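Report on one structure; see the data block that follows.
Numbers restart at 1 for each chain; the letters A, B, ... are given by sequence-line order, proteins then strands. Predicted, not measured: the structure shown is a model, and the values here were computed from it.
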Number of protein chains: 2
Amino acid sequence: MPTPSSSSTKNSCNSLDFERPSTTVDVVMFAVRDGRLHVLLVKRADTPGEPFPGQWALPGGYIDVLKDEDLEACALRKLKEKTGVVSPYLEQLGSWGSKTRDPRGWHSTHAYFALLPTASVITPVSGANASEADWIPIVGKGVSHKLAFDHQTILEAAVARLRNKVEYTSLPAFLLPETFTLSELQTAFETVLGRELDKSSFRKRVEDAELVVALKNKFREGSNRPAQIYKLRSKTAPVFFPRAIGDSKSRAAK
Amino acid sequence: MPTPSSSSTKNSCNSLDFERPSTTVDVVMFAVRDGRLHVLLVKRADTPGEPFPGQWALPGGYIDVLKDEDLEACALRKLKEKTGVVSPYLEQLGSWGSKTRDPRGWHSTHAYFALLPTASVITPVSGANASEADWIPIVGKGVSHKLAFDHQTILEAAVARLRNKVEYTSLPAFLLPETFTLSELQTAFETVLGRELDKSSFRKRVEDAELVVALKNKFREGSNRPAQIYKLRSKTAPVFFPRAIGDSKSRAAK
DNA sequence: AAAATAGTGTCTCTTAGACACTATTCC
DNA sequence: GGAATAGTGTCTAAGAGACACTATTTT
C-alpha cells in the first residue's frame with residue numbers, strides 16, 4: 001500500500017510520489033423535449049490518440065485544479081459551458097473508477113445528474129473544443145447510441161435513479177419552466193415515469209406536500225377552461241412525499 | 001480547461017501532463033456493539049509532515065493502481081485490512097473533493113459505507129501501518145471526537161443515509177449474525193432508528209416483504225418461550241419495503 | 001402459579017386509486 | 001349547446017399503528 005509520505009522518487013506531480021489515478025467529472029443532463037425525456041451528449045473529437053474518437057459521450061472531463069474549487073463547482077462549470085444554465089437541479093449520482101474504463105490507465109469519474117428547465121433546452125452549445133453536442137432521446141434504460149467509456153452504465157444509473165426518485169419526490173418539477181399549470185406538472189411526472197397518473201390523486205398529493213404556490217389571477221388561456229398557474233414553493237429543494245406514488249406497486253430496488 | 005491530449009510539458013505521472021487531483025477511498029464501517037451503533041475509526045500516525053497527526057479519521061487512503069481493480073475492490077481491501085471481513089454489505093456513499101479538504105492539495109475521496117455483522121466486531125485489527133483502530137459509538141449525528149479532514153461531514157452523511165434507508169429497507173438485517181430471532185431483528189432496527197417499534201406491525205412488515213426464512217426446529221432457548229430462529233432470504237441484497245416504516249410521519253429528506 | 005418473552009388478532013386511521021361528477025372557457 | 005380541459009367529491013381497498021390478547025417456556 002503506497003503511503004504519501006514515503007520518499008522514494010519516481011515522479012512528482014505534487015508532493016505525492018507514486019502512481020495515481022486520473023480524476024474526471026461527468027454530468028448527465030436531462031431535459032424534456034416534445035414530451036420526451038432527453039439527455040445531452042457530446043461527440044468526442046476525432047483526433048487520433050484520443051480514446052473513442054468520434055463517439056458519443058457524456059459531457060465532462062478532467063478537473064481543473066486552478067478553476068474548480070470543488071467537485072460540484074466543476075460539474076456546474078461543465079454544465080454552464082454546455083448549456084449556459086447557471087443553477088439547475090444538480091445531484092451527485094455516484095462514482096466509477098477502475099483500471100480498465102479508460103484505455104489511458106486508471107481513471108475515476110465523479111458523476112452528477114442535472115435536471116434542466118424546458119426553456120433552456122433550445123440551444124445545445126457546441127462549446128470551445130467540444131466538436132458537437134445534441135439532445136438525444138431516452139429509449140428504454142438509456143440511449144440507442146453506443147457510448148464511449150462506461151458512459152452507458154453511468155447513463156443507465158442516472159435514468160434509473162431519476163425514475164426511482166420520481167416515485168417519492170418532486171424531481172420532475174425541475175424539468176418545467178418557472179411557472180406551470182398542474183396539468184403540465186402531471187405530464188412532466190408521467191413523462192419521466194412512463195405511465196399515466198390519476199388526476200385526482202396526483203393533485204391531492206401535490207396539495208398535501210405544499211409543493212406549489214398559486215399565482216393570483218394568473219391563468220393559462222386556451223380554447224377551454226383556463227388553468228391556474230403555479231410556481232414551486234422552493235426553486236432548489238425537492239419535496240419528499242410520505243409515500244411512493246405507486247404505493248401498492250413495490251418501489252424498484254436501489 | 002485542460003485537455004489530456006495537449007502536449008505542453010510540465011511533469012508526467014503517466015500519459016497525462018497537467019496538474020491533477022489526488023484520489024482516495026474512505027470507508028465508513030458500522031456495527032452494533034452492546035446495543036449501540038458504532039463506527040470504526042483509526043488514529044492517524046503521529047509523524048510530522050503527515051496532515052492531522054494523531055487525530056481520529058475514517059479508515060481509507062490512496063488507491064493502489066497495481067492492487068486495486070476498481071473503486072469497490074479498493075474499499076473491500078481496506079475493509080479486509082481493518083476488520084478481516086470479506087463480504088459485508090457495502091454501498092457507495094458519495095464523493096467529496098475540493099482544493100482545501102487536504103492541506104497537501106486538491107484531493108477527492110470516494111466514500112463507501114459498510115454494515116458489519118455483530119460477530120465480526122470483536123477484533124479491531126491494528127494493521128500494518130495504522131497506529132490504532134477502535135469502535136467509537138455514534139452520538140447524535142456523528143461522533144463526539146473531532147475528526148481529520150472533512151471526515152466529520154462524511155460520517156454524518158453516512159449516518160443520515162443509514163437512518164434514512166432504515167425507514168424503507170432491510171439494511172439493519174446486515175448488522176446481525178447469520179441467524180437471529182425476529183425480536184433480535186426488531187432490536188437492530190430500533191437501534192439504528194433510535195426509536196421503538198410496534199411488534200405486531202414490524203412482524204407484518206417483515207412477513208409481507210418475505211425478508212426472512214424460518215429455520216425448521218431451530219429455536220433460541222431462554223427462561224421463557226423459545227423464539228423461532230430465522231435467516232435472511234438473501235444474504236446480500238436488501239429488501240425495499242413498499243412504504244416507509246413511520247408512514248404518517250414524513251420521511252427525512254435526501 | 002408467576003415471570004418473561006414469543007407470537008397473533010382486531011380495530012381504527014390514513015391515504016392512494018378509481019371513477020364519476022361539476023366548472024368554465026371558446027366556438 | 002358542444003367540445004375541451006380544469007378541477008372536485010365519493011367510495012373502496014390496503015397497509016400501518018395501537019393495543020389487547022393468547023402461547024409456551026423456565027423457575
- line: Of all heavy-atom pairs linking Leu40(A) and Pro59(A), the shortest is O-CD, 3.3 Å

- request: Kindly indicate whether a cation-pi arrangement holds for Arg205(B) with Phe241(B), taking the cut-offs as under 6.0 Å to the six-membered ring centre and within 45° of the axis.
  value: yes

- prompt: Can Glu190(A) and Lys199(A) be counted as an ion pair, charged N to O under 4.0 angstrom?
  reply: no

task: Calculate, to the nearest 0.5 Å, the distance between atoms NE2 and CG belonging to His38(B) and Leu116(B) respectively.
output: 13.0 Å

message: Nearest whole Å is fine: how far is dC19(C) P from Leu197(A) CG?
response: 15 Å

message: Just N and O in the side chain of Ser201(B): are any of them under 4.0 Å from OP1 or OP2 of dG17(D)?
response: yes

message: Any side-chain N or O of Arg225(A) below 4.0 angstrom from OP1/OP2 of dA23(C)?
response: no

Spacing between Lys199(A) atom NZ and dT22(C) atom C1', to the nearest angstrom: 11 Å

- prompt: Does Ala57(A) offer a backbone N or O that forms a donor-acceptor pair with the side chain of His151(A) under 3.5 Å?
  reply: no

Between protein and nucleotides 10-13 of chain D, what N or O pairs are separated by less than 3.5 Å?
none

field: Length of the line joining Arg203(B):CZ and dA6(C):P, which is rounded to integer Å
entry: 7 Å

task: Give the rounded distance in Å between these two atoms: CD of Glu207(B) and P of dT8(C).
output: 8 Å

task: Mind calculating the distance between CD (Glu196(B)) and P (dT5(C)) to the nearest angstrom?
output: 13 Å

task: Nearest 0.5 Å please: distance from the CG atom of Leu155(A) over to the CG atom of Asp150(A).
output: 11.5 Å

- request: Starting from P on dG17(D), measure out to CZ on Phe241(B) and report it in whole angstrom.
  value: 11 Å

query: Should Tyr230(B) and Gln228(B) be marked as a side chain to side chain donor-acceptor pair (under 3.5 Å) after you check the CA-CA gap, both sets of side-chain angles, and the distance that decides it?
result: CA-CA 7 Å; Tyr230(B) 295 83; Gln228(B) 175 65 55; 5.6 Å; no

field: Check: Asp34(B) side chain, Arg36(B) main-chain N or O, donor-acceptor pair, under 3.5 Å
entry: no

- line: Note: contacts of residues 181-191 of chain B with DNA chain C (heavy atom, under 4.0 Å) are Ser183(B)

statement: Atom CZ of Arg220(B) and atom C1' of dT24(D) are separated, to the nearest Å, by 17 Å

- prompt: Is any side-chain nitrogen or oxygen of Arg205(B) closer than 4.0 Å to OP1 or OP2 of dA16(D)?
  reply: yes

- prompt: Given that Asp198(A) and Gly222(A) both sit by DNA chain C, which one's nearest nucleotide is further toward the 5' end?
  reply: Asp198(A)

message: If you assign each of Asn224(A) and Glu221(B) to its closest nucleotide in DNA chain D, which residue comes earlier from the 5' end?
response: Asn224(A)

- prompt: For Ile229(A) and dG7(D), what is the distance between atoms CD1 and P respectively, to the nearest whole Å?
  reply: 10 Å

- prompt: Do Phe30(B) and Val159(B) have side-chain heavy atoms sitting under 4.5 Å apart?
  reply: yes

message: Does Gln228(A) reach a base, just sugar-phosphate, or nothing at all? Heavy atoms under 4.0 Å.
response: sugar-phosphate

